[in-house]
Undergrad: 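Got a structure for you, questions after.
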Amino acid sequence: MPVKPLSVQTLTALLARLDNAKHGEIRSITPLSPISISIRFSVQDIARGYDWIDIAFRVEGVRDAKLASDNVLKSLDMSEGITVEITANACALALGNYNGRANEAPLYIIGASMGYEELPFSG
């Protein structure tokens, strides 16, 4: 399945469906180029009876990021889920509840645009 672009409307529905990825797990962070990063989560999907799925967010036009190495991903606290914001000029993905201040999160990616892809659960 190709990466689907995210808009404010599709983002709201997606985050509600995934309960903001609360209690999920970060599977991987993959730099695709100097300005493109993919981050993959395992989350429960309310629309599928709380079955686990993986979802990958791809941020393009990255201009700021604070990432973590693969060996600490599983230990990061996902109890607050993720914050994902889209404005006319930027987008941000942050670990935890950091509305309006993604750059204060322990892990974040800020860029120009964002898309997502639903993937099979990687258990």
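Note: hydrogens, waters and symmetry copies are ignored here, and every other heavy atom, side chains too, is used.
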Undergrad: When hydrophobic residues are tied together by side-chain contacts of less than 4.5 Å, even through go-betweens, does L6 share a cluster with Y98?
TA: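 L6 and Y98: separate clusters.
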Undergrad: How long is the gap from CD on Q44 to CD1 on I53, to the nearest 0.5 Å?
TA: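 One gets 10.5 Å once the value is rounded to the nearest 0.5 Å.
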Undergrad: Quick one: does S36's side chain have a donor or acceptor within less than 3.5 Å of a partner on S33's backbone?
TA: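 Between the backbone of S33 and the side chain of S36 there is no qualifying donor-acceptor contact (under 3.5 Å).
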Undergrad: Between T30 (side chain only) and L32 (backbone N and O only), is there a donor and an acceptor less than 3.5 Å apart?
TA: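 A pair under 3.5 Å: no.
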Undergrad: Examine L119 and F41 and state if one hydrophobic cluster contains both, with Ile, Leu, Val, Met, Phe, Trp and Tyr joined whenever side-chain heavy atoms are less than 4.5 Å apart.
TA: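 Result: no, two separate clusters.
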Undergrad: Begin from the C-alpha positions of I26 and L95 and carry the test side chain to side chain contact (heavy atoms under 4.5 Å, CB included) through to its verdict.
TA: CA-CA 10 Å; I26 302 173; L95 184 63; 4.2 Å; yes
Undergrad: Could you walk me through whether L107 and I29 satisfy the side chain to side chain contact (heavy atoms under 4.5 Å, CB included) test, starting with their C-alpha distance in whole Å, then the side-chain angles of each, then the deciding distance to 0.1 Å, before giving a yes or no?
TA: CA-CA 11 Å; L107 184 150; I29 299 173; 3.6 Å; yes
Undergrad: Under a 4.5 Å side-chain heavy-atom rule over Ile, Leu, Val, Met, Phe, Trp and Tyr, are L76 and L93 clustered together?
TA: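 Both belong to a single hydrophobic cluster.
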Undergrad: Can you get from L67 to M78 by hopping between Ile, Leu, Val, Met, Phe, Trp and Tyr side chains that sit under 4.5 Å apart?
TA: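 In one cluster: yes.
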Undergrad: List in chain and number order the residues that pass side-chain contact (heavy atoms from CB on, under 4.5 Å) with I46, two or more places apart in sequence or in another chain; answer none if no residue qualifies.
TA: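 Once residues adjacent in sequence are excluded, the partners of I46 under the side-chain contact (heavy atoms from CB on, under 4.5 Å) criterion are D19, Y50.
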Undergrad: Once salt bridge (Lys or Arg N to Asp or Glu O under 4.0 Å) is applied, what residue pairs with a partner in residues 55-64 remain, sequence neighbours excluded?
TA: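 Pairs touching residues 55-64 that pass the test: R58-E60.
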Undergrad: If you take all heavy atoms of A105 and A94, which pair is closest and at what distance?
TA: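 Smallest heavy-atom distance, with atoms named: CB-CB, 3.7 Å.
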Undergrad: Applying side-chain hydrogen bond (donor to acceptor under 3.5 Å, both in side chains), can you list everything that pairs with S69, at least two apart in sequence or on another chain?
TA: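 Counting only residues at least two positions away or on another chain, S69 forms a side-chain hydrogen bond (donor to acceptor under 3.5 Å, both in side chains) with N71.
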Undergrad: Nearest 0.5 Å, please: how far is CD1 in I82 from CG in N20?
TA: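 Here the interatomic distance stands at 7.0 Å.
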Undergrad: What residues, two or more places apart in sequence or in another chain, satisfy side-chain contact (heavy atoms from CB on, under 4.5 Å) together with D70?
TA: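 L73.
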Undergrad: For Y116 and F57, take the angle between the two ring planes, folded into 0 to 90°, and tell me which bin it lands in: parallel under 30, tilted 30 to 60, perpendicular over 60.
TA: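 Taking F57 first and then Y116, their aromatic rings sit tilted (interplane angle of 30° to 60°).
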Undergrad: Considering only residues two or more places apart or on different chains, which pairs with a residue in residues 28-37 satisfy salt bridge (Lys or Arg N to Asp or Glu O under 4.0 Å)?
TA: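 Those involving residues 28-37 do not exist here.
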Undergrad: Share the residues that join I110 in a hydrophobic cluster, the rule being Ile, Leu, Val, Met, Phe, Trp or Tyr side chains under 4.5 Å apart at the heavy-atom level.
TA: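 Y108, all in the cluster of I110.
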Undergrad: If you compare all heavy atoms of V62 against all heavy atoms of A65, which two are closest, and at what distance to 0.1 Å?
TA: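 Reported closest heavy-atom pair: CG1-CB, 4.2 Å.
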Undergrad: Taking salt bridge (Lys or Arg N to Asp or Glu O under 4.0 Å) as the test, write out the residues that go with E104, two or more places apart.
TA: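 Testing E104 for salt bridge (Lys or Arg N to Asp or Glu O under 4.0 Å), a comparison that skips the adjacent residues, returns R101.
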Undergrad: Considering residues at least two apart in sequence or located in another chain, which fulfil the side-chain hydrogen bond (donor to acceptor under 3.5 Å, both in side chains) criterion with T10?
TA: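 If we apply the side-chain hydrogen bond (donor to acceptor under 3.5 Å, both in side chains) test to T10, skipping adjacent residues, the hits are S7.
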Undergrad: Would you please name every residue forming a side-chain hydrogen bond (donor to acceptor under 3.5 Å, both in side chains) with S42, sequence neighbours left out?
TA: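 S42 satisfies side-chain hydrogen bond (donor to acceptor under 3.5 Å, both in side chains) with R27, D54 only.
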Undergrad: Are M114 and L15 connected into the same hydrophobic cluster when the rule is that any two of I, L, V, M, F, W, Y join if their side-chain heavy atoms are below 4.5 Å apart?
TA: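 Linked, L15 and M114 end up in one cluster.
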Undergrad: For W52, what are the other residues in its hydrophobic cluster, where any two members join if their side-chain heavy atoms are less than 4.5 angstrom apart?
TA: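 Answer for W52: F121.
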Undergrad: Can you name the salt bridge (Lys or Arg N to Asp or Glu O under 4.0 Å) partners of D45, sequence neighbours left out?
TA: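 Residues passing salt bridge (Lys or Arg N to Asp or Glu O under 4.0 Å) with D45: R17, R48.
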Undergrad: Would you list the pairs meeting salt bridge (Lys or Arg N to Asp or Glu O under 4.0 Å) in which at least one residue belongs to residues 74-89, sequence neighbours left out?
TA: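 For residues 74-89: E25-K74.
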Undergrad: For the atom pair CG (L14) and CD1 (I55), what is the distance rounded to the nearest 0.5 Å?
TA: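 Separation between the atoms: 4.0 Å.
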Undergrad: What's the shortest heavy-atom distance between P120 and R40, and which atoms?
TA: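 The pair with the smallest heavy-atom distance is O-NH2, 3.3 Å.
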